[in-house]
Amino acid sequence: MGTYNEIYLEMECPRCKQVGKQYIQLHFGDTRYLTELNIGDKYPWIERKSVQNGGRPENGDFEGEGYVECKNCKKDFFVKAIVRSDILKEIQVDKEKKPYIE
Ligand SMILES: [Zn+2]
């Protein structure tokens, strides 16, 4: 899936229900520098690019896609990364999007 930013966050795995820290790959915005982010950080965008190509969305508000492979059960799931006014606010499990690993 190319380059991505990353956040290491405690969350409950929707597959095995284990609570623990997981590496979450964020596949949007400026992913060229593989930035390590935390909740509350300013999210990186690419200047003068469209949103589809990593540019800044209007007002810095965005719900981006993230991907996790659970350290415990080795199964995967998608998350939504909530960005408000350019700040990474929250990670929510995306229950709609089907994982790759059965
Ligand atoms: Zn799991």
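These numbers come from a predicted model, not from an experiment. Every number for a ligand or one of its atoms is a count from 1 in the order of the listing.
- When side chains are defined from C-beta on, Asp61 counts as touching Ser85, because their heavy atoms get closer than 4.5 Å.
- The heavy-atom pair separating Asp86 from Trp45 by the smallest distance is OD1-NE1, 2.8 Å.
- Annotation: side chain of Glu69 is in contact with side chain of Ile101 (closest heavy-atom distance under 4.5 Å).
- Note: the hydrophobic cluster containing Phe28 does not contain Tyr67 (ILVMFWY, side chain heavy atoms under 4.5 Å, direct or indirect links).
- In terms of heavy-atom proximity, Val51 sits nearest to Arg56 at CG2-O, 3.8 Å.
- Under the 4.5 Å side-chain heavy-atom criterion for Ile, Leu, Val, Met, Phe, Trp and Tyr, Tyr4 and Val93 are members of distinct hydrophobic clusters.
- Around the Zn ion (ligand 1), the protein contributes the following N, O or S atoms at distances under 2.8 Å: Cys13 SG, Cys16 SG, Cys70 SG, Cys73 SG.
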